[in-house]
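A quick write-up on the structure given underneath.
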Amino acid sequence: MKLPFQIDLNDKVVVITGAGGLICSAFAEAMAMCGAKVALLDLNEEAAKKYADEIVAKGYKAKGYKCNVLEKDSCEAARAEILKDFGTCDILINGAGGNNPKATTDDEYFQPEHLNEMKTFFDLDPQGVSFVFNLNFMGTLIPTQVFALDMMNKKGASIINISSMNAYSPLTKIPAYSGAKSAISNFTQWLAVHFSKVGIRCNGIAPGFFSTQQNAKLLWNEDGTPTARTEKILAGTPMGRFGELEELIGSLLFLTCEEASGFVNGTVIPVDGAFAAYSGV
Ligand code: NAD
């Protein structure tokens, strides 16, 4: 990875949840390249360790840990391990999150003839909806309870949450994920206020649409032409293209750099080619 610019995170301990995933493994590498000791936490221990090993192989400091962000005991166990390995947390990145098919409708717009023909709003599984709400919201709140206790009045202490385009206006089909990410943007503001007297800043990043290996089948036909969904996304993105993962890194570096953003608190930066700003007309 090539950093857009360098910041100094020497001696800082960065804890990242969901770091076995696509975005947060890239965040982990970027933080490590700035000199931080990076703890990669994920339910998928193998993925967290694999990415950590890759970072270490490049000459930086990192270690992978198993952690379920929905269980306080699991977060506390990870905290104890990190304390032994690296010390107390300076920067917490709450990246674990995602959607689930059980909380997704098949149709964009409800029509009575859809009943019994496809999964409509009326068929959404309440447990699936709770799962998505919990993963995104409680999965941010619980690690913050565990790690922020160590961050009080530490120079450069900062929390970064990951919101989404859904927070600005909901995307069709995914009401639980949309509501949960909206809650994340709101919680980011709440935390910024709540921790303002103890020197912990809290900001967020809201990624727009990124074409990655994971969603390739949804976005591109086998012959390389765009799917209908891609056409819709690009029509809604005034810059007319997908983002590149590296394009999230500049906002991360800015928000975690005390010298650059020391008075920036309670914001969520959309990195979206103006998707959130566009009314469609
Ligand atoms: P990803 O699926 O690649 O990574 C998510 C990671 O979270 C996975 O490694 C998964 O194992 C982990 N995870 C799931 N449940 C967990 C739990 N209970 N405890 C600990 N870890 C758990 O997804 P990504 O695309 O890298 O997304 C990272 C964050 O960015 C998520 O919060 C996602 O909602 C958000 N986001 C992604 C996009 C996008 O286009 N990919 C856009 C907007 C927001």
Side-chain angles (χ1 to χ4, degrees), residues 17-18 20-24 43-44 68-70 94-142 161-188 204-222 225-238 240-243 245 268 270-281:
T17 71
L22 206 69
I23 292 178
C24 286
L43 190 59
N44 182 346
N68 183 349
V69 291
L70 296 176
N94 284 309
N99 190 33
N100 186 282
K102 286 186 177 163
T104 304
T105 65
D106 288 338
D107 52 355
E108 289 192 318
Y109 308 101
F110 178 74
Q111 303 283 342
E113 57 270 29
H114 293 171
L115 284 172
N116 303 321
E117 292 299 317
M118 60 177 78
K119 191 176 13 146
T120 72
F121 168 71
F122 299 99
D123 304 310
L124 289 180
D125 174 0
Q127 283 183 341
V129 171
S130 296
F131 172 81
V132 171
F133 254 97
N134 279 342
L135 173 57
N136 291 281
F137 185 71
M138 295 307 291
T140 293
L141 185 142
I142 292 169
N161 294 331
I162 312 297
S163 185
S164 164
M165 285 305 101
N166 297 283
Y168 299 91
S169 41
L171 299 191
T172 56
K173 298 186 173 185
I174 49 176
Y177 185 68
S178 295
K181 286 301 189 185
S182 192
I184 289 298
S185 289
N186 187 281
F187 186 50
T188 299
I205 295 172
F209 292 87
F210 293 79
S211 170
T212 61
Q213 260 181 343
Q214 275 183 359
N215 55 15
K217 286 210 167 102
L218 276 175
L219 301 179
W220 306 104
N221 297 313
E222 277 186 7
T225 54
T227 62
R229 190 172 176 85
T230 289
E231 280 168 8
K232 259 187 155 174
I233 290 169
L234 296 182
T237 304
R241 66 171 175 87
F242 287 105
L245 270 187
V268 178
V271 183
D272 67 341
F275 182 93
Y278 183 44
S279 71
V281 178

For Pro175 and Ala103, the nearest pair of non-hydrogen atoms, with its separation, is CD-O, 3.7 Å
Across all chains, not counting sequence neighbours, the side-chain hydrogen bond (donor to acceptor under 3.5 Å, both in side chains) partners of Ser185 are Ser163
Applying side-chain hydrogen bond (donor to acceptor under 3.5 Å, both in side chains) to Asp272 and not counting sequence neighbours gives none
So, the side chain of Thr237 versus the backbone of Gly240: is there a donor-acceptor pair under 3.5 Å, distance only? no
Across all chains, not counting sequence neighbours, the side chain to side chain contact (heavy atoms under 4.5 Å, CB included) partners of Ser279 are Val281
Side chain to side chain contact (heavy atoms under 4.5 Å, CB included) filter on Glu113, not counting sequence neighbours, yields Gln111
Arg241 meets the salt bridge (Lys or Arg N to Asp or Glu O under 4.0 Å) criterion, sequence neighbours left out, with Glu247
- Taking side chain as C-beta onward, heavy atoms only, is Ile184 less than 4.5 Å from Ile162? no
Is the shortest heavy-atom distance from the side chain of Leu219 to the side chain of Pro226 under 4.5 Å? no
Residues passing the side-chain hydrogen bond (donor to acceptor under 3.5 Å, both in side chains) test with Asn44, sequence neighbours excluded, are none
CD of Glu117 to CG of Asp107, rounded to nearest 0.5 Å, is 11.5 Å
With sequence neighbours left out, the residues meeting ring-ring contact (aromatic ring centres under 6.0 Å, His included) with Phe133 are none
Those residues at least two apart in sequence (or on a different chain) that pass ring-ring contact (aromatic ring centres under 6.0 Å, His included) with Phe187 are Phe137
Scanning both residues in full, the closest heavy-atom pair of Leu135 with Gly98 reads CD2-N, 3.8 Å
Shortest non-hydrogen pair, Thr17 vs Gly95, comes out as OG1-N, 2.9 Å
Quick one: side chains of residues 118-128, donor-acceptor pairs under 3.5 Å with protein atoms, not counting sequence neighbours, listed by atom name and distance.
unit_1, atom_1, unit_2, atom_2, d
Lys119, NZ, Pro101, O, 2.4
Lys119, NZ, Thr104, O, 2.7
Thr120, OG1, Phe122, N, 3.0
Thr120, OG1, Asp123, OD2, 3.2
Asp123, OD2, Thr120, N, 2.9
Asp125, OD1, Gln127, N, 2.9

Ser211 meets the side-chain hydrogen bond (donor to acceptor under 3.5 Å, both in side chains) criterion, sequence neighbours left out, with Trp220
Here the side-chain hydrogen bond (donor to acceptor under 3.5 Å, both in side chains) pairs for residues 165-181, sequence neighbours left out, are Glu108-Thr172, Asn136-Lys181, Ser164-Asn166, Asn166-Ser178
Rounded to the nearest 0.5 Å, the CG atom of Asn186 sits from the CG atom of Asn161 at a distance of 11.5 Å
Practice task
Kindly indicate whether the side chain of Leu70, heavy atoms from C-beta on, has any atom under 4.5 Å from the side chain of Asn134.
Solution key: yes
message: When you compare the side chains of Asn221 and Thr225, does any donor N or O come within less than 3.5 Å of an acceptor on the partner?
response: yes
Sequence neighbours excluded, the answer for side chain to side chain contact (heavy atoms under 4.5 Å, CB included) partners of Phe209 is Met165, Leu171, Ile233, Phe242, Phe275
